[in-house]
2 protein chains.
Amino acid sequence: MMLNQQSPIPLYRQLATRISEDIEAGLHRVSEKIPSENELAQHFSIGRPTVRQATDLLVRQGKLERRRGSGTYVLPPTQSIDLFSLAGTSAALRKSELNARLELTATPKREKISFEGSELPSDYLRVERRTSVDDTPVLYETLWLSTDVFPDLEKHNLANQSLSALIRDVYFLEPSSADQTFFVICADDAQAKQLDTKTGTPLLRVYRQLHFGNNKHALHAEIVCLTDRFEFSQTLFPANAAQDTMNQPV
Amino acid sequence: MMLNQQSPIPLYRQLATRISEDIEAGLHRVSEKIPSENELAQHFSIGRPTVRQATDLLVRQGKLERRRGSGTYVLPPTQSIDLFSLAGTSAALRKSELNARLELTATPKREKISFEGSELPSDYLRVERRTSVDDTPVLYETLWLSTDVFPDLEKHNLANQSLSALIRDVYFLEPSSADQTFFVICADDAQAKQLDTKTGTPLLRVYRQLHFGNNKHALHAEIVCLTDRFEFSQTLFPANAAQDTMNQPV
DNA sequence: GCGGTCAAGTTGTCAATACAACTTTGCGCG
DNA sequence: CGCGCAAAGTTGTATTGACAACTTGACCGC
């Protein structure tokens, strides 16, 4: 299975995906080396810089580590954040995900709405969905997706697939960043009903904005949960102390 | 001032530093373009791929944004994270910080305690402090600092200086990462008193663990706040890039 | 068996070149 | 004046090629 030269997806991205899939399929084990850059270049009939672009991408995703003179190694699965959802990273939640069910709670519909920081009302597709674990509702989300950025989204099945995968595969877009703010709120009637709890129950509300390139208003999301049902946790790293630290000789 | 070809520092890193310094010196303004890749290559007598490596680095640091066909733009200064506290870096918070007061609410004392994931009880220094803005309490924090990692910490003045600066200057340590988990809780008597609210009031509780090198139990922190007094927000980036926390009183 | 050296292999840096895809600007026409 | 088109400019992708800096393994000598 070679790379598709005709695809609009750049070769280096196709290769990154391929390597990533090979890792997930167990072809390359954690702590072991993937084929060398020259081997990959030869095998896929592409240039070594193209291979490097692909491995660059995966290094930045924390999936690979390059050791000069030695090779490129598979790293343990990182605790990465999926910006589309609150799927956490703890081992406990991973277990819960096996029994997780995500369902739409209303038919997606268009509405014209203006978010803070955006002057004019714009068209959004409003999507409501709920995540349950073992039939206990743990998350209730409302998403507003810009119809300018994601045209004809309602034509796709939003219920049974990952929204991030859909947006990546259909629109070739990935979020560049997200802003989110935490609130403690009291459940209103709709929220209480969706989460199967009493009106007025204290909830964690997370308001999140996903940015795609320069578009700051592509996707807004409101997520509410009971923190004794859903553990919202994350790992933080200091800024500017990442894999790209400048090493100065003494 | 050209790049030093004889330096052991790669050209692309020298250029990245140069561009970064030019930005900080005001030579390139936020939202304005830096010279094009070809211009920089010509000016510094280097190849365009070398320029791209430099701008790649700065793009990944969030300092630059490249727009195809248009140019490379300076981004607003990023919000860097202070893992020790919820104090952020935004201009709005900077204003609030002028009126922010941090005080110890109890004399730091030692206690032997065992945190989850740690088998044996260890000695920690327990520090309680409260942050007020305009005399309104907005944050109540309890910190447990390992006496093994930070010996004789109580000998230092913990009230009137940044804890992160103290630990950096006295112990030469900086946190490598932090795990945090969010809970909605009801205020107990102590919390209600410190935050000047009623017992039972719903609060946001953030439990945070700072890691120093391989030490996962160096510092534990519990932070509680009312989200209508203190806005807990953050900017997330995909995958393993640096996480940014920005927090401000409302 | 251990230590040192060297060759082969691998990643890191850098270059010139080319074309694609996009943005911006200027000019001409209605 | 506004619109459309073309040219110029810019970033994005990809190639071939070269050398530097490092790692690893094999071989040899003690």
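Please read all numbers here as calculations on a predicted model, not as lab measurements. Residue numbers begin at 1 in each chain, while the letters A, B, ... track the order of the sequences.
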Between A/K109 and A/E111 (salt bridge meaning N to carboxylate O under 4.0 Å), is one present in this structure?
no
With DNA chain D as reference, determine whether A/V51 or A/S70 sits nearer its 5' end, using the nearest nucleotide of each.
A/V51
Distance check: side-chain N/O of A/R52 vs OP1/OP2 of C/dG12, anything under 4.0 Å?
yes
Any donor-acceptor pair, under 3.5 Å, between the side chain of A/R48 and the base of C/dG12, if you only look at N and O atoms?
yes
Does one side chain, of A/T105 or A/R129, offer a donor that lies under 3.5 Å from an acceptor on the other?
no
Between B/T72 and D/dT11, is there a contact of a side-chain N or O with OP1 or OP2 at under 4.0 Å?
yes
Short side-chain N/O contact to C/dG12 OP1/OP2 from A/R66, under 4.0 Å:
yes
is_close_aromatic(A/Y207, A/F182), centroid dist under 6.0 Å
no
Closest-nucleotide mapping onto DNA chain C: is B/S45 or B/K33 further toward the 5' terminus? I mean the 5' end.
B/S45
Which nucleotide sits closest to the side chain of B/Y12: C/dC22, C/dT13, C/dT11?
C/dT13
Charged N to carboxylate O under 4.0 angstrom, B/E37 versus B/R52?
yes
Base, sugar-phosphate or nothing for A/P49? Non-hydrogen atoms, less than 4.0 Å.
base
Identify whether any heavy atom of A/Q5 sits under 4.0 Å from a base atom; if not, whether one sits that close to sugar-phosphate; answer base, sugar-phosphate or nothing.
nothing
Contact nearer the 5' end of DNA chain C, comparing A/G69 with B/G69
A/G69
